[in-house]
Amino acid sequence: QQQVKQSPQSLIVQKGGISIINCAYENTAFDYFPWYQQFPGKGPALLIAIRPDVSEKKEGRFTISFNKSAKQFSLHIMDSQPGDSATYFCAARVAGNMLTFGGGTRLMVKP
Amino acid sequence: DVKVTQSSRYLVKRTGEKVFLECVQDMDHENMFWYRQDPGLGLRLIYFSYDVKMKEKGDIPEGYSVSREKKERFSLILESASTNQTSMYLCASSPGSPRSNQPQHFGDGTRLSIL
């Protein structure tokens with residue numbers, strides 16, 4: 001039983017488009033929501049993270065939107081580039097506990 | 001830059017064998033983790049260690065054990081490998097408390113096939 005449900009499993013976007021990956025959770029005790037990016041043949045690396053006291057966090061072309069009432073958060077990649085092609089994992093943590101990861105989204109950005 | 005090194009990129013073993021996966025980190029991090037990565041299931045925590053000789057079970061510890069005799073090295077052991085343990089195994093490390101928001105730094109993974 002996955003506590004963090006991620007969708008879609010795979011996504012194809014044209015260069016310059018917006019990539020959107022969604023995650024939903026049930027446990028209202030989660031208080032930290034990171035996103036990890038994994039390139040083929042490499043381990044995941046922290047991309048961006050948010051806490052539930054803010055509704056949005058932006059770092060360059062990457063934005064996390066957080067909807068506490070809907071228990072959803074999403075990653076938006078603006079002006080998507082072929083170099084963004086990777087697998088993206090959302091995650092969540094209850095304070096004092098370990099990270100719970102979503103199932104992953106494989107993003108392909110076509111030139 | 002933090003470096004987490006996993007000893008093998010690919011490994012093929014037979015059912016019933018005892019398998020060792022090795023991981024070394026060079027940043028003097030207190031915590032080390034072993035995950036397995038399967039399509040659609042994301043990363044699932046097998047075991048973690050917050051100090052030398054200290055360990056805790058993660059979400060899926062059955063069939064695995066771990067060893068941390070030195071701070072920089074964390075080993076995952078499959079006591080008697082089975083085909084359902086065919087997977088990508090990822091090692092990670094982080095500083096401070098294992099339950100803090102410090103980012104985890106991952107190795108590049110070991111793809112293990114059990115025949």
Side-chain angles (χ1 to χ4, degrees), chain A residues 1-11 21-25 27 29-54 57 59 62 64 75 86-107, chain B residues 1-10 21 23-25 27 29-50 55-61 74 87-111:
Chain A
Q1 179 187 355
Q2 270 192 318
Q3 294 190 54
V4 180
K5 293 187 178 179
Q6 184 170 345
S7 62
Q9 281 198 321
S10 62
L11 181 62
I21 303 170
N22 300 299
C23 286
Y25 63 95
N27 189 346
F30 285 141
D31 72 346
Y32 174 68
F33 301 88
W35 285 87
Y36 278 77
Q37 178 188 53
Q38 182 182 31
F39 292 109
K42 297 293 185 183
L46 179 65
L47 180 64
I48 186 172
I50 197 169
R51 297 189 67 98
D53 50 348
V54 297
K57 183 174 181 179
E59 289 184 4
F62 299 89
I64 301 178
L75 177 69
T87 299
Y88 292 82
F89 294 96
C90 63
R93 183 202 303 273
V94 175
N97 283 282
M98 309 307 291
L99 279 175
T100 297
F101 285 86
T105 297
R106 182 173 290 185
L107 170 66
Chain B
D1 223 16
V2 177
K3 191 154 180 70
V4 178
T5 303
Q6 296 184 229
S7 56
S8 304
R9 292 299 302 271
Y10 301 93
L21 302 184
C23 176
V24 176
Q25 52 100 357
M27 282 302 292
H29 284 171
E30 288 78 11
N31 314 301
M32 297 188 75
F33 308 82
W34 275 107
Y35 292 88
R36 63 177 282 175
Q37 179 179 356
D38 299 288
L41 298 178
L43 278 66
R44 292 179 293 165
L45 182 65
I46 303 171
Y47 267 97
F48 69 97
S49 167
Y50 52 91
K55 62 186 179 185
E56 283 192 33
K57 293 179 180 179
D59 298 320
I60 51 165
F74 192 34
S87 186
M88 171 70 82
Y89 289 87
L90 290 165
C91 175
S93 72
S94 71
S97 164
R99 295 175 169 85
S100 74
N101 293 339
Q102 291 283 350
Q104 295 182 15
H105 301 266
F106 285 85
D108 289 340
T110 296
R111 186 165 292 282

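Note on naming: letters A, B, ... go to the chains in the order of the sequence lines (proteins, then strands), and numbering restarts at 1 for each one.
- Atom CG of Leu43(B) and atom CG of Leu99(A) lie 9.5 Å apart (nearest 0.5 Å).
- Proximity to chain A is absent for every atom of Arg111(B), based on heavy atoms less than 4.5 angstrom apart.
- Ranked by heavy-atom pairs under 4.5 Å with chain B, the list Ala91(A), Cys90(A), Ala49(A), Gly41(A) is led by Gly41(A).
- In the displayed structure, Gln9(A) atom CD is contacted under 6.0 Å by at most 12 heavy atoms of other residues, nucleotides or ligands.
- To the nearest 0.5 angstrom, Gln104(B) atom CD is 9.5 Å from Leu46(A) atom CG.
- Looking at heavy atoms from C-beta onward, Phe101(A) lies out of side-chain contact with Arg44(B) at the 4.5 angstrom threshold.
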Could you check Leu90(B) against Gln38(A) for side chain to side chain contact (heavy atoms under 4.5 Å, CB included), going step by step and ending with a plain yes or no? CA-CA 12 Å; Leu90(B) 290 165; Gln38(A) 182 182 31; 4.3 Å; yes
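- Heavy-atom distances place no part of Pro34(A) under 4.5 Å from chain B, backbone and side chain included.
- Interatomic distance, CG of Asp108(B) versus NZ of Lys42(A), reported as 4.5 Å (0.5 Å rounding).
- Residue contact with chain B, scored on non-hydrogen atoms closer than 4.5 Å, involves the side chain of Tyr36(A) exclusively.
- For a residue to count as touching a neighbouring chain, one of its non-hydrogen atoms must lie under 4.5 Å from one of that chain's; by this rule Arg51(A) touches chain B with the side chain only.
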